[in-house]
Amino acid sequence: IWRSDKPEIASVISGKITGVSKGTAKITAISVADNTLKAECEVTVNEIFPTQVTLDKTILNLNASASATLAATLNPANATESELTWESSDESIATVESTSATRARVRAVKAGEAIITVKTQTEGVTATCKVYVNPVTEISIAPKNVNLAVNGTQKLTVTFTPADGS
């Protein structure tokens, strides 16, 4: 028979121990034939903190209003403390919003440069991506001339160069 005095920290099934949360637990093996025969093992479960975070891109070139996704990778891969925070050095140029545990969407706002930083919550390990937002150099509207009847409508289309401008 196998028992854990703190199954919320370490569980045991058929002698296989699983770490559940940080802490110390005592695993006991008890003889089925004679329950007075016991052996114990002290188990310490530790959190694994990330020592490195990397981004799939270190430079982004975007046009205004365009967006891109950044993906972070934690090392070691089995880190148990993996919460990330994302921030932009200048939200008037580029914003960043977390979309999952390790991904974020960067949106270009206006021409300029910004740095997106991802940081681990526990150890403060960081990685950065420099974002260059291209300026809008031209705007055009179509059609150029419209003749309307009273109560008539016409949809205008605006085109930006480079594309996706605001």
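Here, residue 1 is the first one in the sequence, and each next residue gets the next number.
Linking Ile, Leu, Val, Met, Phe, Trp and Tyr residues whenever their side-chain heavy atoms come within less than 4.5 Å places Ile9 and Val12 in a single cluster. Ile59 and Leu55 fall into different hydrophobic clusters, where Ile, Leu, Val, Met, Phe, Trp and Tyr are joined by side-chain heavy atoms under 4.5 Å apart, directly or via other members. Criterion: ILVMFWY side-chain heavy atoms under 4.5 Å apart, direct or through other members. Under it, Ile30 and Val32 are part of a common hydrophobic cluster.
Distance check: Leu37 CG to Asn35 CG gives 8.5 Å after rounding to the nearest 0.5 Å. Atom CG of Asn78 is separated from atom CD1 of Ile48 by 4.0 Å, given to the nearest 0.5 angstrom.
Checked by atom type and distance alone, the side chain of Ser21 pairs as donor or acceptor with a backbone atom of Glu8 at under 3.5 Å. Checked by atom type and distance alone, the side chain of Asn75 never pairs as donor or acceptor with a backbone atom of Gln52 at under 3.5 Å. Using a distance-only test at 3.5 Å, with no hydrogens or angles considered, no donor-acceptor pair links the side chain of Lys110 to the main chain of Val133. Put simply, the side chain of Ser31 never gets that close to the backbone of Thr36: no donor and acceptor are under 3.5 Å apart. Between the side chain of Thr44 and the backbone N or O of Thr24 there is no donor-acceptor pair closer than 3.5 Å. Remark: side-chain polar atoms of Ser4 are paired, donor with acceptor, to backbone N or O of Ala10 under 3.5 angstrom.
A 4.5 Å side-chain heavy-atom check between Asp56 and Leu70 finds at least one atom pair inside the cut-off. The closest side-chain heavy-atom distance from Val109 to Glu91 is not below 4.5 Å. Counting heavy atoms from C-beta outward, Ser67 and Leu62 have side chains that stay 4.5 Å or more apart. No side-chain heavy atom of Val106 sits under 4.5 Å from any side-chain heavy atom of Thr69. Proximity of Ser140 to Thr159: side-chain heavy atoms (C-beta onward) are separated by under 4.5 Å at one or more points. Val131 places none of its side-chain heavy atoms less than 4.5 Å from the side chain of Ile93. Taking the side chain as every heavy atom from C-beta outward, Lys22 and Val45 never approach each other to under 4.5 Å.
When every heavy atom of Thr122 is checked against every heavy atom of Phe49, the shortest pair comes out as OG1-CD2, 3.4 Å. Listed here is the closest heavy atom pair of Trp2 and Ala29: CZ3-CB, 3.7 Å. Shortest non-hydrogen contact noted between Ala72 and Val118 is CB-CG2, 4.4 Å.
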